[in-house]
Each structure stands twice: as C-alpha cells, then as structure tokens.
Amino acid sequence: MMRKTTRSSIDCAVVDVWKRAVGELSTRNFAHRLGASEDLVLRLDVFRKLEKHRGCVNTVSFNPDGDIVISGSDDRRIILWDWETGKIALSFHSGHHNNVFQAKIMPYTDDRSIVTCAADGQVRQAQILEHGKVETKLLAKHQGRAHKLAIEPASPHIVYTCGEDGLVQHIDLRTDTATELFTCQPLRMRRYMSVLHLNAITIDPRKPYLFAVAGSDEFARIFDIRKYKWDGSTDFGHPVDYFCPPHLVGDENVGITGLAFSDQSELLVSYNEEFIYLFTKDMRLGPDPSPTSPLYNESDEGEMGQDHESDESAIVMESGVNTGPQVYKGHRNSETVKGVNFFGPKCEYVVSGSDCGRIFIWKKRGGDLVRVMEADKHVVNCIESHPHTAMLASSGIENDIKIWTPKATERAILPTNIQKRPKARGWMHHMASPEDLMLQLLSQQRQRTNLGSIEENSEVGRELLQLILTFNANSDNSSDDGEDTTSGQDSFD
C-alpha cells in the first residue's frame, strides 16, 4: 500500500511557478496564491519602525496605493509616512483637543483628503493644499468619545461615524453635511443602559449599502442605508439583522471592540473578555434576537438573509453542515478597544493584537493559530494589512509603528508560553457613568425579595456608594486641562 505524502508550501510554490511559466496559471491567481502562502506568514519580521509620535499610536492604515502609512496618536498629530524609507512625508496637528482614535485617507483624492475622529467626540477633515499646507475643519460632533469611522468603499465623499453616545452619523464631504441617522438603543434585557456605547463600525465591501455597528453589548447589528428616508420621515434605528454566538446571548460580561467585513461578506467580530468569531450570512439571528425568537432565524427578513449567493465559507464543513461561527482563540482582549482584521489577498487569515504585546495570526478556515509575533512591550491595538502585498502595519501603547514584511530567512515556530486570558471583570467594566451604575444596581435590587427593611436598604446604599467611588477612582485620569492623556486612553470603559 502506497503512503500518501503531503506537499510542503515550498513544493506547492515550485509547482505554481511551473504552471505560471507554461500558462496554466494566470498572473492574478499566481499572485493571490503567493500572497496567501503560509510560508510568507511564517517569515514576517519587523522591516522598519516608524518613530516620531510622542504618545500612544491609536490608528494606523495605508493609502489605497499602499505606499503611504497614515497614523494618529495621543499627541493629536497626524503623520503620513513613506514606510519604505521610513521618512515623514507630512506631519500636522489634527485640530482635535484630545487623543486621535482614527485617521483614514479618502480614496481617489490623491491622498489630499483625510478624515479623523477622536476622544473629544469630534469628526474632522484635513485638506492637504499646495506646498504641504493643511487646513482642518469640523464635520460632526459626538457627545462622548468617537472611536471609529468607516469610509464607503471606492467613494471619495461618504463617511460613517459612531461614538460612545450611541449616535451613528452619515457625512457627505461634498456638502459638509452630517446626518444623524439614529442613536443605537439597548435591547429590552439591558434597559438599565440609556444608550449603547459604540466602539466599532464597518461597511460591507461587496454590498456597501450594508454596515455593521457594535459596542457595549454582545450583538453586532446590521443596518441597510437604503431603508433610510432622507426627508427625515423614517424610523431607521432598527437593524435588519443581528449576529452573536448563541452562548453569548444574554451575557452581560462581554462587549465588542472590533469589526471587519471580508471580501466575501463574512463578518469578523472581536469580543472583549472573550474570543474572535467569524459569521456568515446564514448565521444571522434575524431582526429580533430576543429569547423568544429562534437563534438562527430562517426567514427572508434582512438583506443578508435575502442574498443567497453561494460564497465559500470558512465555517461550513465538507458535508455542508453549518457548525456555527468559527472561533479564534489565544489572544487577550481586556484592556483596550482592540481592532481585528483580515490578511491575505482573499482574506485567508485573521489577525489581531493582544494585551500581552503580541500579534496573533490564524487561518480563517479552521481557526488554526499559525503565528504569534512579539510586537510591543505592552498592548497591541491596531493591525492593518497592506492593500496589495503580504505585509502588515501594527501599533499600540508604544509610540511607534512597526512595518512587517516576509523577510526572515528562517520560518517562525509557535511559542510555548502563550498566556491565558484574564478573568472577566464583570458588568461594571462596561459602564460609562455613575448613573449607569445606579440604574444597574437598582435593576439588580428589584429582582431581590424583601427589600423593605432598613438593613437591606442601608446595604443597597453602601453598595451603590462603593460602586460610584470605584468608578470615579478608575475614571479620574484627566490632565490639567481636563483632557484624557493617560497611557492606553482608548480603553474599554
């Protein structure tokens, strides 16, 4: 009986080169196979450190051509880097009064239009004029920190923003008009929260009329902008779909810090105090995720439910049986608003930073951990993929940006000392004000019996006072001018 041998990645690469030479493999497919090679992932190493910021680097991304990296920091500055040489192409003050959380270059603007959001709640645009002069202006405002914004794919004009006030806004740069679409409300089981504090927003690149938001509860919500009536006569605040792992429905100890759509419309969701999950459209909970509705709603409601394209999913086994969302484990996501992303020409990998200062890379299909890279001494928050080649940019609590390319001569192996996740800190970790603490405590007390005695009421008072004092002690990180300038400012509060 002949023994079946397994080809190594080097063997496959040699075969692909031969096929490309004889015309059996197109240039595009050859490039995609090469870019998705696990051998390249195992050879990623620090190509260059970009060092000029004077505070934590909270955002890093590439321009559409991939030759410029843009970063924003606690120092409130925006820097455009020529990452290959390590030189600064342009550096300017963002106009924000607090830590910059997101900065992106608008496509088809010759890298001259930049949008930013920050801890001061502002959303701003910077226009790069002749001779390097920069003008910034206010586009919109959130009542609370604005963590993320999303750009409509291939549009130089349309931006979406979200903030801790639960507000989602639509901005058209051609008119400088910000439209308040809706304020995201908690579901019935979380009525002690006045609004849902939003940490993440992303747009489906295949269906750009769909966008997802998520924050301080367990659900990723999908909205369809086509349902919005621009005359203001619409009640648009109802999602067309919800996504959540079944075992996390009703769990008040988790929230969502990062979202990303793949080119196949799969939704990647990173939970704090938990893991990362990948959802396909057939895993939706429908427009009503309440306990009385089926977890996997088979109705045709919701755009993601109406579209029955036969996209290949990393989560469906060969038998065709849906086994639930793919899970990615090993990293730690507890202390900050941590992003998550895809890597590879066809999103073959999932990448995330970690509280332990490492970068984790998993195979999207199957969830196998293939690479753990030592990046920072502290927390890694941001991992961004180059738009065309097999390289990454990372940033976090440290003041630099690291550029990773597959330049190592030796293939890396997985470390044996991967730390376990810390224990969840409970529901108070997600509160944003003493009022929220009071509402949560009172909600819990209503579920108790015999609340009429003096002793029990005194205990309620003591417990409430202790919670508010704890909250105030944890949140008293302001500087002399009243701005948050502590290390790791983009924290999951």
Side-chain angles (χ1 to χ4, degrees), residues 8-10 35-50 56-58 60 257-260 262 268-278 314 325-386 389-398 400-424 488 490 492:
S8 68
S9 59
I10 297 295
S37 168
E38 186 175 333
D39 186 69
L40 293 185
V41 175
L42 296 177
R43 296 180 189 275
L44 287 171
D45 199 0
V46 176
F47 170 77
R48 190 179 302 283
K49 294 182 181 180
L50 307 178
C56 306
V57 181
N58 303 313
V60 58
T257 67
L259 295 172
S262 74
L268 194 62
V269 183
S270 181
Y271 284 83
N272 82 302
E273 306 291 5
E274 242 275 343
F275 304 123
I276 297 170
Y277 295 89
L278 181 71
Q326 178 65 63
V327 61
Y328 307 94
K329 301 179 180 181
H331 75 307
R332 299 191 328 190
N333 182 10
S334 300
E335 301 301 328
T336 58
V337 178
K338 202 170 281 80
V340 69
N341 222 323
F342 292 97
F343 179 55
K346 293 185 178 180
C347 304
E348 291 88 352
Y349 299 92
V350 169
V351 294
S352 174
S354 174
D355 291 343
C356 62
R358 293 163 169 160
I359 296 172
F360 286 71
I361 305 179
W362 301 265
K363 287 183 178 179
K364 186 181 76 171
R365 178 181 295 277
D368 293 334
L369 182 63
V370 297
R371 188 72 197 275
V372 177
M373 303 187 298
E374 300 288 344
D376 289 3
K377 295 178 181 178
H378 303 290
V379 179
V380 178
N381 288 325
C382 307
I383 310 291
E384 288 292 326
S385 301
H386 190 277
T389 63
M391 61 172 289
L392 296 168
S394 68
S395 69
I397 299 302
E398 296 184 7
D400 64 6
I401 301 107
K402 294 177 177 67
I403 303 297
W404 303 79
T405 62
K407 71 181 187 69
T409 56
E410 299 291 333
R411 292 160 56 99
I413 59 175
L414 285 175
T416 58
N417 61 337
I418 299 175
Q419 302 175 31
K420 295 182 179 180
R421 294 180 301 111
K423 184 179 179 181
D490 199 2
F492 194 81

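Just so you know, these numbers come straight off a predicted model, no measurement behind them.
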### Query
So, the side chain of E398 versus the backbone of K377: is there a donor-acceptor pair under 3.5 Å, distance only?
yes

### Heavy-atom check, side chain of L392 versus side chain of F343, under 4.5 Å
yes

#### Entry: Minimum heavy-atom distance between C56 and I397, given as atom pair plus value
SG-O, 3.2 Å

### Query
G353 and K338: which non-hydrogen atoms are nearest, and at how many Å?
O-CD, 3.3 Å

### Pair D400 + K402, salt bridge at N-O below 4.0 Å
yes

### Query
Taking only residues two or more places apart in sequence, or in another chain, which ones meet H386 in a ring-ring contact (aromatic ring centres under 6.0 Å, His included)?
F62, H388

### Message
Side chains of D45 and T405: any donor to acceptor distance under 3.5 Å?
### Response
no

#### Entry: Basic-acidic side-chain contact under 4.0 Å: R358, D376
no

### Query
Got a donor-acceptor contact below 3.5 angstrom from the S395 side chain to the V60 backbone?
no

### Task
Indicate yes or no: does R365 engage E348 in a salt bridge with an N to O separation below 4.0 Å.
no

### Query
Quick one: side-chain hydrogen bond (donor to acceptor under 3.5 Å, both in side chains) partners of Y271, sequence neighbours excluded?
none

### Task
Might you point out which heavy atoms bring L268 and N341 nearest each other, and give the distance in Å?
CD2-O, 3.6 Å

